[in-house]
Amino acid sequence: MIPSRQLEAGNSIPHQIMQGFTQLLLEGKLEQWLELYTPEAIFEFPYAPAGYPQKLEGKAEITNHLHNLLEMIEIQQFSEPVILVDSTKQQFVAEFTCKGRSLVTGKPYNQTYISVVNHRNGKITHYKDYWNPLIVLESNLGGSEHE
């Protein structure tokens with residue numbers, strides 16, 4: 001992988017995908033956010049604690065999860081992602097942070113993400129999201145059923 005800073009910032013597909021990913025979520029433009037994915041896209045959460053989804057298959061499951069998530073969390077800010085690109089595999093790794101709060105408990109939700117993203121023709125085909133499950137449990141997303 002080569003560091004993305006060697007690429008023209010903002011012009012590469014990985015930068016465009018991540019700009020859309022973060023900005024569209026912040027703006028609440030969910031239908032446009034979902035257009036970042038292919039119809040058969042897979043979204044995985046390898047570190048999800050018990051009771052939380054570990055794998056979403058297809059746009060319908062991703063859509064349902066997103067709507068559920070946005071009933072539990074308010075995302076207030078994303079950091080600028082650091083992106084490492086492997087153009088031979090149409091894959092990149094993005095590291096970024098999120099600041100927000102649980103809409104259920106009011107507790108802070110400040111998370112660090114490392115995401116491995118595969119793409120084809122400018123659309124996400126597979127998004128593997130590595131985040132700290134302790135932050136999810138501490139913010140008590142979902143309320144007492146996940147305590």
Side-chain angles (χ1 to χ4, degrees), residues 1-38 41-56 58-87 90-119 122-147:
M1 290 200 202
I2 59 171
S4 64
R5 63 182 170 273
Q6 295 176 354
L7 302 173
E8 194 65 31
N11 290 334
S12 71
I13 290 173
H15 280 92
Q16 291 170 12
I17 289 172
M18 289 309 298
Q19 175 69 27
F21 186 95
T22 57
Q23 197 60 40
L24 293 169
L25 273 180
L26 286 173
E27 294 172 3
K29 296 180 178 177
L30 307 184
E31 294 306 315
Q32 288 174 295
W33 185 84
L34 290 163
E35 288 304 312
L36 295 170
Y37 298 85
T38 62
I42 295 172
F43 205 121
E44 290 187 79
F45 308 97
Y47 296 150
Y52 291 85
Q54 296 209 341
K55 186 175 187 178
L56 307 170
K59 248 186 186 175
E61 285 188 18
I62 294 169
T63 300
N64 187 51
H65 176 74
L66 179 64
H67 286 290
N68 290 337
L69 180 68
L70 293 179
E71 289 176 4
M72 294 185 290
I73 186 172
E74 174 188 55
I75 299 171
Q76 300 162 333
Q77 173 184 345
F78 285 108
S79 67
E80 185 69 30
V82 174
I83 300 173
L84 303 174
V85 178
D86 183 343
S87 57
Q90 293 189 326
Q91 183 180 68
F92 63 92
V93 174
E95 181 180 357
F96 58 104
T97 61
C98 160
K99 289 189 181 198
R101 70 178 180 90
S102 168
L103 294 173
V104 177
T105 64
K107 293 181 180 180
Y109 179 77
N110 301 323
Q111 184 66 266
T112 298
Y113 301 94
I114 297 178
S115 302
V116 179
V117 184
N118 294 339
H119 59 92
K123 299 234 185 226
I124 298 169
T125 59
H126 193 160
Y127 195 108
K128 194 176 276 192
D129 206 12
Y130 294 91
W131 41 263
N132 184 347
L134 295 177
I135 301 296
V136 172
L137 297 173
E138 287 169 4
S139 68
N140 199 15
L141 287 183
S144 60
E145 88 182 60
H146 297 290
E147 286 187 316

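- With no hydrogens or angles considered, no side-chain donor-acceptor pair links Asp86 and Gln91 at under 3.5 Å.
- When only modelled atom types and interatomic distance are considered, Ser115 and Asp129 share a side-chain donor-acceptor pair under 3.5 Å.
- Electrostatic pairing of Lys59 and Glu35 counts as a salt bridge here, judged by a charged N lying under 4.0 Å from a carboxylate O.
- Using a 4.5 Å cut-off on side-chain heavy atoms (C-beta onward), Leu30 and Leu66 make contact.
- Between Arg101 and Gln76, the closest side-chain pair of non-hydrogen atoms falls below 4.5 Å.
- Checked by atom type and distance alone, the side chain of Thr105 pairs as donor or acceptor with a backbone atom of Ser139 at under 3.5 Å.
- Aromatic ring centres of Tyr130 and Tyr47: separated by under 6.0 Å.
- Using a 4.5 Å heavy-atom cutoff, the side chains of Val82 and Phe96 are not in contact.
- Side-chain contact between Val136 and Tyr109 is present, with at least one heavy-atom pair separated by less than 4.5 Å.
- Taking the centre of each ring, Tyr37 and His126 stay at or above the 6.0 Å mark.
- Looking at heavy atoms from C-beta onward, Phe45 lies in side-chain contact with His65 at the 4.5 angstrom threshold.
- Under the 4.5 Å side-chain criterion, counting only non-hydrogen atoms from C-beta, Leu103 is not in contact with Met72.
- In this structure, Ser12 OG and Ile83 CD1 are separated by 6.0 Å, a value rounded to the nearest 0.5 Å.
- When side chains are defined from C-beta on, Val93 counts as touching Ile114, because their heavy atoms get closer than 4.5 Å.
- In this structure, the ring of Tyr127 has its center less than 6.0 angstrom from the ring center of Phe21.
- Remark: the backbone N or O of Asn118 is paired with a side-chain donor or acceptor of Thr125 at under 3.5 angstrom.
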